Amino acid sequence: MARLAQTAGLTDIQQEILSTVRDFVDKEIIPVATELEHRDEYPQAIVDGLKELGLFGLMIPEEYGGLGESLLTYALCVEEIARGWMSVSGIINTHFIVAYMLKQHGTQEQKDHFLPRMAAGDIRGAFSMSEPALGSDVSAISSKAVKDGDEYVLNGQKMWLTNGGTSSLVAVLVRSDEGHPEGTAPHKSMTTFLVEKEPGFGEVRPGLTIPGKIDKMGYKGVDTTELIMDGLRIPADRVLGGVTGRGFYQMMDGVEVGRVNVAARGCGVAQRAFELGVQYAQQRHTFGKPIAQHQAIQFKLAEMATKVEAAHAMMVNAARKKDSGERNDLEAGMAKYLASEYCKEVVEDSFRIHGGYGFSKEYEIERLYREAPMLLIGEGTAEIQKMIIGRRLLEEYRFQG
């Protein structure tokens with residue numbers, strides 16, 4: 001058992017789940033991850049294995065066929081999976097954000113219809129906020145839904161959908177002015193629609209097109225896509241929660257879960273980078289001894305391990321806060337910010353320890369070096385996290401003059 005990133009206070013069931021996931025990662029993911037990543041190949045066999053383990057239903061309540069586990073259990077599983085290959089954790093993350101949003105905000109009919117099949121992994125989820133000209137300014141969403149009888153007609157272009165091609169259910173955030181007079185704050189005139197579609201690329205249902213995979217520097221294997229709506233008709237009963245105008249709040253609730261997930265991914269990638277660095281440092285010899293015996297390398301390893309521990313502790317704290325039912329945007333923002341930044345630094349230090357070999361595609365650290373930057377952007381940049389953290393701190397420490 002590794003010494004770093006241990007979590008106190010876990011139940012026997014949580015420990016058993018994590019042990020099972022860790023074994024799966026070591027046996028089924030790590031040996032093939034780099035080869036699949038270099039081919040940008042979707043890890044179907046790995047995904048099928050996760051389905052058999054029941055991980056697609058990890059946080060879905062037992063009444064819907066899931067395991068009913070906590071966000072903490074989920075985050076720790078994501079940490080393990082990201083240690084093997086971050087792209088696989090991305091496949092699970094978007095699925096769980098949609099399942100969480102349905103569990104928290106869906107109508108009873110929507111829960112009954114979707115959650116059992118999501119728990120079984122028969123329906124895979126994706127969610128969509130961003131647009132080509134949007135960036136971090138969610139209030140500037142221009143995709144629109146217009147009421148037409150018992151349906152809504154959706155038009156617009158969305159960007160950066162993880163699982164865009166392989167998913168069969170997409171939670172899409174658009175502007176919906178119906179029932180919201182002119183001058184309404186932008187975030188109060190947004191609605192989340194539950195869009196069912198066929199997996200694949202091209203026109204996946206009338207009015208909905210998934211053009212193809214976006215070619216990326218890293219985070220390969222998982223499909224990242226655009227989504228184009230051109231006269232897409234959606235029944236009114238597929239408005240999440242059954243009421244328009246609540247989409248922004250529903251999405252932000254889901255993103256808080258996503259930020260804990262990104263923090264967990266950062267922890268997992270950082271752990272793997274440390275493992276690779278400390279192993280290589282004991283195998284590589286210079287000046288007649290392993291480079292691990294040089295003080296400069298020991299200092300680097302010490303800093304890396306400390307960052308792994310600190311990021312893990314903050315991620316666990318954020319997950320437990322959300323599980324308690326308390327507001328956790330401050331803790332989630334801090335965890336996401338710290339874990340993603342530390343991940344980048346730990347990966348780079350491991351890369352430096354590998355020397356010239358770190359630049360070779362034969363070594364796993366090369367893949368991690370290309371994957372870590374995505375965590376700096378996903379679920380909000382460092383600058384966005386700092387804004388959230390700063391505003392929340394001013395709420396908590398308001399000066400009473």
Side-chain angles (χ1 to χ4, degrees), residues 1-34 36-37 43 45-59 67 69-96 121 219 221-222 257-276 278-279 305 307-320 323 335-336 339-340 342-343 346-347 350 364 367-368 371-372 374-375 378:
M1 178 69 72
R3 172 69 175 84
L4 294 180
Q6 298 300 298
T7 309
L10 298 181
T11 65
D12 291 342
I13 293 176
Q14 287 175 313
Q15 291 174 352
E16 184 178 345
I17 290 172
L18 284 176
S19 177
T20 300
V21 172
R22 189 177 299 116
D23 288 344
F24 182 85
V25 168
D26 289 338
K27 294 174 182 177
E28 306 296 335
I29 298 182
I30 290 177
V32 300
T34 296
L36 291 175
E37 196 272 349
I46 293 172
V47 171
D48 290 343
L50 294 175
K51 181 179 175 180
E52 289 181 15
L53 291 178
L55 285 192
F56 283 98
L58 188 63
M59 275 184 67
L67 298 179
E69 273 296 330
S70 63
L71 177 59
L72 175 62
T73 307
Y74 164 61
L76 294 175
C77 288
V78 165
E79 183 179 38
E80 288 294 339
I81 293 169
R83 186 178 67 87
W85 185 12
M86 191 181 74
S87 293
V88 179
S89 65
I91 293 170
I92 291 182
N93 179 42
T94 51
H95 175 83
F96 266 110
Y219 199 40
V222 60
V257 173
R259 285 181 178 141
V260 174
N261 172 282
V262 172
R265 283 195 256 180
C267 293
V269 174
Q271 283 183 52
R272 185 59 181 165
F274 173 79
E275 291 171 3
L276 295 172
V278 75
Q279 290 169 10
K307 290 173 181 177
V308 167
E309 281 284 88
H312 176 83
M314 291 199 73
M315 178 271 290
V316 168
N317 181 56
R320 282 181 162 150
D323 283 332
K336 191 276 174 185
S340 59
Y342 275 0
C343 174
V346 171
V347 168
S350 183
E364 190 178 340
R367 169 171 62 84
L368 271 58
E371 289 179 337
M374 197 287 291
L375 298 172

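Only this structure's heavy atoms are used, side chains among them; waters, hydrogens and symmetry mates stay out. Computed from a predicted structure; not experimentally measured.
Atom OH of Tyr219 sits about 8.5 Å away from atom CG of Leu375, to the nearest 0.5 Å. Note that the CG atom of Leu71 and the CE atom of Met59 stand 5.0 Å from one another [nearest 0.5 Å]. Summarising the geometry, atom CG belonging to Leu4 is positioned 5.0 Å from atom CZ belonging to Phe274; distances are rounded to the nearest 0.5 Å. To the nearest 0.5 Å, atom OG1 of residue Thr7 and atom CG of residue Leu18 are 7.5 Å apart. Interatomic distance, CD1 of Ile46 versus CD1 of Ile81, reported as 10.0 Å (0.5 Å rounding). Taking OG1 from Thr11 and CD from Glu69, the interatomic distance works out to 6.0 Å, rounded to the nearest 0.5 Å.
Scored by the side chain to side chain contact (heavy atoms under 4.5 Å, CB included) test, Lys51 finds Phe56, Asp122, Arg124 as partners (sequence neighbours excluded).
Residues Arg272 and Leu368 are in side-chain contact: their nearest non-hydrogen atoms beyond the backbone lie under 4.5 Å apart. Residues Phe24 and Leu50 have side chains in contact (heavy-atom distance under 4.5 Å, counting atoms from C-beta outward). Counting heavy atoms from C-beta outward, Val262 and Arg265 have side chains that approach closer than 4.5 Å. Inter-residue side-chain proximity for His312 and Leu76 is flagged as met; some heavy-atom pair is nearer than 4.5 Å. Looking at Leu55 and Leu58, their side chains come closer than 4.5 Å, going by heavy atoms from C-beta outward.
Formation of a donor-acceptor pair under 3.5 Å by the Ser350 side chain with backbone atoms of Val347 is not found in this model. A distance-only check finds no donor-acceptor pair linking the side chain of Lys307 to the backbone of Ala339 [under 3.5 Å]. In this structure, Asp323 contributes its side chain and Ser70 its backbone to no donor-acceptor pair below 3.5 Å.
Considering all non-hydrogen atoms of both residues, Ala33 and Arg367 come closest at CB-NH2, 3.8 Å. Across all non-hydrogen atoms, the minimal contact from Leu67 to Gly54 is CD1-O, 3.9 Å. Here the closest non-hydrogen pair linking Val88 and Pro43 is CG2-CG, 4.2 Å. When all heavy atoms are compared, the tightest approach of Met315 to Val260 is CG-O, 4.0 Å. Between Gly378 and Lys336, the shortest heavy-atom contact is O-CE, 3.0 Å.
Side-chain polar atoms of Asn93 and Tyr74 form a donor-acceptor pair below 3.5 angstrom. No hydrogens or angles considered: nothing links the side chains of Glu364 and Thr34 as a donor-acceptor pair under 3.5 Å.
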Quiz prompt | Evaluation steps, side-chain contact (heavy atoms from CB on, under 4.5 Å), between Leu36 and Trp85 | solution = CA-CA 10 Å; Leu36 291 175; Trp85 185 12; 3.7 Å; yes

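Of the residues listed (Ser89, Cys343, Ser340), the one engaging Val269 in a side chain to side chain contact (heavy atoms under 4.5 Å, CB included) is Cys343, and it is the only one.
Residue pairs that meet the salt bridge (Lys or Arg N to Asp or Glu O under 4.0 Å) test with at least one member in residues 73-82, sequence neighbours left out, are Arg22-Glu80, Glu80-Arg83.
A 6.0 Å sphere centred on CD of Glu16 holds no more than 12 heavy atoms belonging to other residues, nucleotides or ligands.
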